[in-house]
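The structure under discussion appears below in the form of structure tokens.
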Amino acid sequence: MIILLSCIGLLACIAVLLPQVRKMIMDLAAQIVHREASTYQSWLRVLLSYAMGGICFILFFDYCTLTDSGRALIRNVKQEIRECLSEIDFRSLLKPALIMFGIYLLGILTIIRANFLYMDDISYSISGYREWYNWSRYVIVFLSYFVQPEISMTDVSPIPQLLAALILSCCSVLLVYILGKGKITIVRLLASIPLGLSPFFLECLSYKYLAPYMALSILVSIIPFLFIACRKAFLFVSVMSLLIMCMTYQAASGIYMMIVVILCFQYWNSKEKTNKEILSFLGTSAIAFCFAMLLFRFFIMKPADYYVSNAMHTISHILPGTLSNIKEYAMNINHDFGIIWKIGIVIVLLFFITKFVYSSVRRKLLSFFISILITVLSFILSFGVYSLLAMPLFAPRALFGFGVFLAILCIYVVSDYKKPAVVAVLALNWCFFIFAFSYGNALADQARYAEFRIGILLHDLSDLYPNAGGGDDLSIQLKNSIDYAPSVKNIAKHNPVIEKLVPKRLAKEFCWDNYYYLEHFNYVGYKNANITANTLNGNLVDYNTLNLPVVLDSYYHTIQSDGEHVLITLKH
């Protein structure tokens, strides 16, 4: 049966590789939905990569199930996985996980209480669509049916955010367990707080639908190191975990190699392992990482070219492009963090370098330079594969690798070190913990202010055009956006990242706000109006150039209209 199914699968995949078959599929798709066949060229490229991936998978599956060497390989891997798991006392991890769950739950309490529909949440709550496959996040689509088993998704918060807090608690415990060589203390657990409550990951926790899957991308990046003692098991679990990470949230792509680099440095600095063993571990990890990334890139990833792109730099431009992305990454962090946070991070870095030089069994000067090199390399890796992309994302949710980077440094600094270092780490983490409360309350303030402004605007529009949807065909264009609430502006004086975390309602850069403006408030009279891109006689036009007459001027906004086109200028 296996041979028969494999032959059928291979024939189907090989058939897709034939140009005539692909053309037939394209023509059939065009006939079904009545569109031009050229529209599906990108889909056919994806289908081609899936077919090639299917062939590789079937051949590998057949090797593992039909050959003696393949079956022996599977038995060895399974045996190594069982041996590694048997050495872990999972009961001893339960209490630390509950402690961290309580901390993370407390940290996101104000975010949950704000009940804020965060950007894409607006679309999901209205349409219920699971469109994450557009970004190759197939694991999210699959797991979402367990969290929200309805065909059409509904808002079930705070369950997803509670799941995210639970997953983050597991991440912290496992990270401490791995870096601390099985020794877990309260101080080390508290040192891991930036992993889940860094200002950047707070944006991930704000998403009602996506929060647990973003947290899962961190967890699967850490899990392989539980099998570090067995090479085959480590290699297999690494590849599987990294593929899952790529199909959940790719912003976590640097966490795996960042942990590898830190562990190698630790082994080298203490002579815990020989140079040969370190190179073997580093090589195995690099092979697993590169293999998983290549599998994802060529056989799984769907091309995306929206507000960001997953296309990489060309070979000739890869070095300057990568350096430019890293520079932009560092500049974003420098801009977003307040002076107190920066001082705390610098102190932690100094303690990190000092500790490893002081505890090193190598030459002190060499350890000093190597520790600086490792710190810089880990920082670069915290941005993951985004540094290689031609148009990466620099939103806070894409930068949470920096929080994991800080968590790793903090865990090492508080491990068997003096009280001043512990105080510095806990002080920095306390700042992040308190900021989480400020951020959640700011979301609530912004929601109240924005809905007040939107309510006034929709009231004025309904008075001006009471028959909208029943005969009036209005096209609306917005100018400006609803400004930040005073509390947000106050926080931004010292922590500018808040202006990136709290969305401005009706801002053109947030594509889902047209749903919030129209659909969420059931204002169906303007259901077909396009806020961000309006056309006149088929051409894109700025309504400012139409010299529309003013029909209403209030303290909060000005409405100009000729009865067909409407320009709304929101006042700050």
Side-chain angles (χ1 to χ4, degrees), residues 119 134-137 194-195 198-204 210 214 217-218 221 242-243 245-262 285-286 289-298 300-337 341-342 345-346 349 372-409 496-497 499-501 509-511:
M119 292 194 282
N134 289 330
W135 298 96
S136 306
R137 293 169 185 163
L195 180 147
S198 72
F200 294 140
F201 200 77
L202 289 178
E203 183 175 42
C204 301
L210 282 171
M214 292 174 168
S217 67
I218 299 178
S221 299
L242 288 169
L243 286 175
M245 178 274 297
C246 290
M247 291 185 281
T248 48
Y249 203 62
Q250 298 90 0
S253 56
I255 295 173
Y256 176 85
M257 286 306 299
M258 187 164 48
I259 297 174
V260 168
V261 168
I262 292 294
S285 304
F289 182 81
C290 293
F291 183 65
M293 293 302 108
L294 290 174
L295 275 180
F296 177 73
R297 170 63 180 83
F298 291 106
I300 300 175
M301 188 182 78
K302 183 179 177 182
D305 192 14
Y306 304 106
Y307 61 95
V308 292
S309 172
N310 53 20
M312 295 180 62
H313 289 294
T314 59
I315 298 298
S316 60
H317 194 254
I318 191 167
L319 181 59
T322 300
L323 292 176
S324 176
N325 287 340
I326 295 170
K327 179 182 177 181
E328 183 71 18
Y329 174 52
M331 289 174 62
N332 271 272
I333 295 172
N334 180 59
H335 171 270
D336 293 344
F337 278 29
W341 295 355
K342 293 176 186 176
I345 291 170
V346 170
L349 286 171
I372 294 176
L373 176 64
I374 292 300
T375 303
V376 173
L377 180 59
S378 298
F379 171 76
I380 293 172
L381 289 172
S382 68
F383 195 40
V385 296
Y386 280 13
S387 59
L388 303 175
L389 301 183
M391 192 168 64
L393 180 66
F394 289 102
R397 62 185 179 276
L399 311 182
F400 68 74
F402 183 71
V404 181
F405 167 71
L406 287 181
I408 292 173
L409 296 186
V497 70
E499 293 185 342
K500 291 184 179 180
L501 292 174
E509 59 265 28
F510 298 120
C511 58

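Residue numbers start at 1 and run along the sequence shown. Every value quoted in this text rests on a predicted model; they were computed, and no experiment measured them. Keep in mind that the numbers below use all heavy atoms, side chains included, and drop hydrogens, waters and symmetry copies.
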So do F201 and V404 actually touch side chain to side chain, heavy atoms under 4.5 Å?
-> no

Any sub-3.5 Å donor-acceptor pair from S253's side-chain atoms to V385's backbone N or O?
-> yes

Hey, can you tell me if F383 and Y329 have their rings parallel, tilted or perpendicular (30° and 60° cut-offs)?
-> parallel

Between A252 and S217, what is the shortest heavy-atom contact and its length?
-> CB-OG, 3.5 Å

Under 3.5 Å, is there a donor-acceptor pair between the side chain of K500 and the main chain of A395?
-> no

Looking only at atom types and distance, does a side-chain atom of N334 sit under 3.5 Å from a main-chain N or O of A330, one as donor and one as acceptor?
-> no

Which is it for F379 and F402 under the side chain to side chain contact (heavy atoms under 4.5 Å, CB included) test, yes or no, and what are the steps along the way?
-> CA-CA 7 Å; F379 171 76; F402 183 71; 3.7 Å; yes

CD1-CD1 distance between I255 and I218, expressed to the nearest 0.5 angstrom | 4.5 Å

Verify ring-ring contact (aromatic ring centres under 6.0 Å, His included) between F337 and F200, making sure each step is shown before the conclusion.
-> CA-CA 10 Å; F337 278 29; F200 294 140; 5.3 Å; yes

To the nearest 0.5 Å, tell me how far L399 CG sits from C204 SG.
-> 9.5 Å

Please check if the side chain of N325 supplies one atom and the backbone of L389 the other of a donor-acceptor pair under 3.5 Å.
-> yes

With distance as the sole test, does D336 use its side chain to make a donor-acceptor pair with the main-chain N or O of V497 at under 3.5 Å?
-> no

Could you check R397 against M119 for side chain to side chain contact (heavy atoms under 4.5 Å, CB included), going step by step and ending with a plain yes or no?
-> CA-CA 12 Å; R397 62 185 179 276; M119 292 194 282; 3.6 Å; yes

To the nearest 0.5 Å, atom CZ of F400 lies from atom CE of M214 at 7.5 Å

Run the numbers on I262 and S378 for side chain to side chain contact (heavy atoms under 4.5 Å, CB included), then give the verdict.
-> CA-CA 8 Å; I262 292 294; S378 298; 3.5 Å; yes

Main-chain N/O of C246 paired with Q250 side-chain donor or acceptor, under 3.5 Å = yes

Hey, are the side chains of P194 and F405 touching, using non-hydrogen atoms and a 4.5 Å cut-off?
-> no

Would one find more than 12 heavy atoms of other residues, nucleotides or ligands at under 6.0 Å from atom CG of L294?
-> yes

Look up atom CE in M247 and atom CD1 in I300, then write down how far apart they are to the nearest 0.5 Å.
-> 4.5 Å

Validation row: H335, N332 side chains within 4.5 angstrom (heavy atoms) | no

Count the heavy atoms of every other residue, nucleotide or ligand shown that sit under 6.0 Å from NZ of K327, and state whether that count exceeds 12.
-> no

